[in-house]
Amino acid sequence: MTERRNIAVLGSTGSIGRQTLDIIAEYPDLFNAWLLVARSSADLLIQQARQYRPHMVIIADEQYYDYVSSALEDTDIEVATGSAAIAQAVTMTEIDTVVTAMVGYSGLESTIAAIGAGKRIALANKETLVVAGELIERLLKESPGSVLYPVDSEHGAFYQCLMGERMQDVERLLLTASGGPFRTMPKERLATVTAADALKHPNWSMGAKITIDSATMMNKGFEMIEARWLFGIRPQDIEIVVHPQSIIHSMVAFKDGSVKAWACPTGGWRATAAR
């Protein structure tokens, strides 16, 4: 019988975090939400705590600590606050896997702590590799018990395409992009677009930051850097391809001329990730 895994969800109130909790709820015999972390979405964190009954919740923004603590005082759930508490909590021996879905640079400290503790890491925080890819690569080599798995759809697709393959046989990685909401807009109109326009992604429902980064195509730059460190490939061997339908999430081209593609209809990634 498969042992039940205790999961730490860092960024539990965000898009990736909520999908992770959906999967935990769908497979209760396999996964248990042991630690939930949110930055400032106190009400949703309280709701999640009551639903999933984790051992601990952490609200990163200290001004919400009293509010969360008071709301959960009738439970046996431990409540903490601050970035130092997050970095300490992910090292606890009870935790098997750390899902890092915090936004931006904030995910770096906890990821480093989890690597040092030899945890399995499901990485959805691309900024960690953007700002410290070389450091993370070195720390993973120094902590052989720790393994990093990509959660972003494109990099998860690369990971699956490369299973059973040798990196020396890879010619290039093909990273797909929808092109965002402004793909067909004339350049002269771009000066008048608003943030609300940029938040209307044609294919995906995501958090505000990643949606804006997608509209400007900056997100693909981040993902290119992430792929470089995840798979140890040269930047010049990563190609970005605009694919408006978002059916192919990524492709791997090999030196023998063959190409492997990971394809799924829009919206299907979550169901596949669960399997």
Side-chain angles (χ1 to χ4, degrees), residues 9-23 36-45 47-48 60-61 99-108 111 122-131 150-158 174-228 230 238 240-250 262-274:
V9 186
L10 313 188
S12 67
T13 59
S15 176
I16 295 294
R18 295 195 305 273
Q19 292 179 65
T20 300
L21 290 176
D22 286 345
I23 293 172
L36 302 182
V37 176
R39 184 178 68 84
S40 59
S41 299
D43 288 325
L44 182 52
L45 180 63
Q47 177 184 328
Q48 291 176 340
D61 192 329
V99 177
T100 61
M102 298 168 69
V103 175
Y105 177 79
S106 60
L108 178 60
T111 301
L123 184 70
N125 174 251
K126 62 177 63 66
E127 289 83 0
T128 290
L129 293 179
V130 170
V131 302
V151 171
D152 277 343
S153 65
E154 294 87 353
H155 300 81
F158 281 140
L174 299 164
L175 182 64
T176 60
S178 70
F182 307 134
R183 180 179 62 87
T184 61
M185 182 176 288
K187 287 190 293 184
E188 57 270 17
R189 287 189 55 197
L190 291 176
T192 62
V193 300
T194 66
D197 295 326
L199 288 167
K200 295 176 182 176
H201 195 280
N203 295 342
W204 304 109
S205 175
M206 306 177 291
K209 180 186 182 299
I210 192 171
T211 304
I212 294 294
D213 287 344
S214 178
T216 63
M217 293 292 287
M218 191 65 197
N219 193 49
K220 288 302 141 182
F222 292 152
E223 290 180 358
M224 183 177 181
I225 297 171
E226 183 182 9
R228 180 263 178 272
L230 279 171
I238 304 172
I240 297 173
V241 179
V242 175
H243 171 47
Q245 296 81 7
S246 296
I247 294 173
I248 296 175
H249 290 251
S250 287
W262 197 102
C264 185
T266 301
W269 173 254
R270 179 219 166 269
T272 305

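Atoms considered below: every heavy atom in the structure, side chains included; atoms not considered: hydrogens, waters and symmetry mates.
Going from atom NZ of K200 over to atom OG1 of T211 covers 13.0 Å, rounded to the nearest 0.5 Å. One finds the CG atom of L10 at 13.0 Å from the CD1 atom of I16 (value rounded to the nearest 0.5 Å). Atom OG1 of T13 and atom CD of Q47 lie 11.0 Å apart (nearest 0.5 Å).
Distance alone, capped at 3.5 Å, is enough to place a donor-acceptor pair between the T176 side chain and the H249 backbone. Without hydrogens or angle criteria, N125 side chain to T128 main chain gives a donor-acceptor distance under 3.5 Å. Side-chain atoms of S178 do not come within 3.5 Å of backbone N or O of S246 as any donor-acceptor pair.
Applying side chain to side chain contact (heavy atoms under 4.5 Å, CB included) to L123 and the options D152, L129, V151 leaves one that passes, L129. Exactly one of K187, R183, R189 qualifies for a side chain to side chain contact (heavy atoms under 4.5 Å, CB included) with M185. That residue is R189.
Of all non-hydrogen atoms in L175 and S250, the two that sit nearest each other are CD1-OG, 4.3 Å. Taking all atoms of both residues into account, the shortest heavy-atom contact from M224 to I238 is O-CD1, 3.5 Å. The nearest pair of heavy atoms linking A198 to I212 is CB-CD1, 3.6 Å.
Not counting sequence neighbours, the partners of I210 by the side chain to side chain contact (heavy atoms under 4.5 Å, CB included) test are K126, M206, N219.
Around CZ of R39, the count of heavy atoms belonging to other residues, nucleotides or ligands within 6.0 Å does not exceed 12.
Counting heavy atoms from C-beta outward, S12 and T20 have side chains that stay 4.5 Å or more apart. Side-chain contact check for F182 versus V193: some heavy-atom pair is nearer than 4.5 Å. Side-chain atoms of L174 and I248, non-hydrogen and from C-beta on, never get closer than 4.5 Å to each other. Side-chain contact between R228 and I225: absent, with no pair of heavy atoms (C-beta onward) separated by less than 4.5 Å. Residues L44 and R18 have side chains in contact (heavy-atom distance under 4.5 Å, counting atoms from C-beta outward).
Pairs passing the salt bridge (Lys or Arg N to Asp or Glu O under 4.0 Å) check and including a residue from residues 209-225, sequence neighbours excluded, read E127-K209, E154-K220, K209-D213, K220-E223.
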